[in-house]
Enquirer: 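Sending over a structure as structure tokens; questions will come in a sec.
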Amino acid sequence: MQNNSNNIHPVFHRILQRKDKEALLQQKSIVIWFTGLSGSGKTTIAIGLERELNKKRILTQILDGDNVRTGINNNLGFSEEDRTENIRRIAEVSKLFLNAGIVTINCFVSPTVEIREKAKQIIGEEDFLEIFVNTPFEVCEQRDVKGLYKKARAGEIKNFTGLDAPFEAPTNPFLDLKTEGKTVDETIDEVVAKILPILSV
Ligand code: ADP
């Protein structure tokens with residue numbers, strides 16, 4: 001009998017694909033990328049969105065400065081080069097989650113078109129949902145959740161986005177989310193309504 005062992009490719013040798021993970025989880029995976037000034041509401045909205053999605057049995061992972069800068073990117077600072085590398089690694093990690101079928105929710109100021117384009121290229125255009133948390137500078141400064149605006153005004157923080165470093169608004173975001181004059185819950189509802197239909201298999 002002819003030995004055909006070289007031609008045998010049992011299915012169990014195949015690495016499970018994203019669609020297999022999505023089928024297991026009964027959800028579509030996607031990367032939701034919140035961009036906006038410090039204090040615009042990225043983290044607050046992401047946390048609310050995650051809670052709502054989890055109620056619908058959708059598996060999610062938030063990536064933000066807290067879990068990224070203290071972990072995988074703890075050797076990076078805020079130079080131009082390090083900021084670029086920071087985003088590159090975040091995008092690569094997001095892609096791994098994407099391939100695991102998980103909805104990744106990213107909260108990073110990511111102030112320039114170039115930086116967000118780079119993330120989009122790595123993740124893939126069709127899987128990258130950009131949400132612009134569109135809160136005016138004055139409102140963010142008034143909120144000053146982390147006291148950063150005060151420090152930046154006092155000259156204790158250099159290159160602060162919106163003050164002495166630019167923020168380039170997205171030109172064509174998936175969602176242009178205005179938060180001024182809205183409650184947190186109203187804003188979260190707006191995002192959930194837009195995202196949820198995309199996630200069903
Ligand atoms: P970021 O993550 O963008 O730096 P945070 O989420 O940490 O911003 O802070 C946003 C602040 O603004 C929170 O204190 C939040 O309660 C407040 N806030 C007021 N209105 C809204 C809204 N409609 N949506 C989101 N946050 C809001």
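When a ligand or atom number is given, it counts from 1 through the structure's own listing order. These numbers come from a predicted model, not from an experiment. Worth knowing before you read on, the calculation uses all heavy atoms, side chains too, and leaves out hydrogens, waters and symmetry mates.
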Enquirer: Among protein heavy atoms, which lies nearest atom 9 (O) of ligand 1, and at what distance?
Expert: V145 CG2, 3.4 Å
Enquirer: What protein heavy atom sits nearest atom 23 (N) of ligand 1, and how far away is it?
Expert: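 Result: T187 OG1, 2.7 Å.
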Enquirer: Spell out, as yes or no, whether a donor-acceptor pair under 3.5 Å connects the side chain of Q27 to the backbone of I58.
Expert: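 Looks like no, no N/O pair under 3.5 Å.
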Enquirer: Taking non-hydrogen atoms only, is T183 closer than 4.0 angstrom to ligand 1 via side chain, backbone, both or neither?
Expert: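 It is the backbone that gets close, since no side chain atom is under 4.0 Å.
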Enquirer: What do we get for E186 next to ligand 1 when only non-hydrogen atoms under 4.0 Å count, side chain, backbone, both or neither?
Expert: neither
Enquirer: Taking 4.0 angstrom as the limit and counting only heavy atoms of K146, give me the atoms of ligand 1 inside it, by number and element.
Expert: 4 (O)
Enquirer: Counting both backbone and side chain atoms, is some N or O of I45 under 3.5 Å from an N or O of ligand 1?
Expert: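 N/O-N/O distance below 3.5 Å does not exist for this pair.
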Enquirer: Within 45° of the six-membered ring axis of F78 and under 6.0 Å from that ring's centre, is NZ or CZ of R69 located there?
Expert: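 Relative to the ring axis of F78, which defines the angle, R69 lies inside both limits.
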Enquirer: Within less than 4.0 angstrom of ligand 1, does S38 place any heavy atom?
Expert: yes
Enquirer: Just checking, any donor-acceptor pair under 3.5 angstrom between side chains of T179 and R143?
Expert: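 Indeed, the side chains of T179 and R143 share at least one donor-acceptor pair under 3.5 Å.
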Enquirer: Please list, in number order, the atoms of ligand 1 under 4.0 Å from a heavy atom of K182.
Expert: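 Every atom of ligand 1 under 4.0 Å from some heavy atom of K182: 20 (N), 22 (C), 23 (N).
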Enquirer: I need the atoms of ligand 1 closer than 4.0 Å to a non-hydrogen atom of R143, numbered in the order shown.
Expert: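 Close to R143: 11 (C), 12 (O), 17 (C), 18 (N), 19 (C), 20 (N), 21 (C), 27 (C).
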Enquirer: Distance to 0.1 Å, residue and atom name: give those for the protein heavy atom nearest to atom 15 (C) of ligand 1.
Expert: T44 OG1, 3.8 Å
Enquirer: For atom 27 (C) of ligand 1, what is the closest protein heavy atom, and at what distance to 0.1 Å?
Expert: V184 CG2, 3.6 Å
Enquirer: Got the closest protein heavy atom to atom 4 (O) of ligand 1, with its distance?
Expert: G39 N, 2.7 Å
Enquirer: For ligand 1, which atoms sit closer than 4.0 Å to a heavy atom of L37?
Expert: 3 (O)
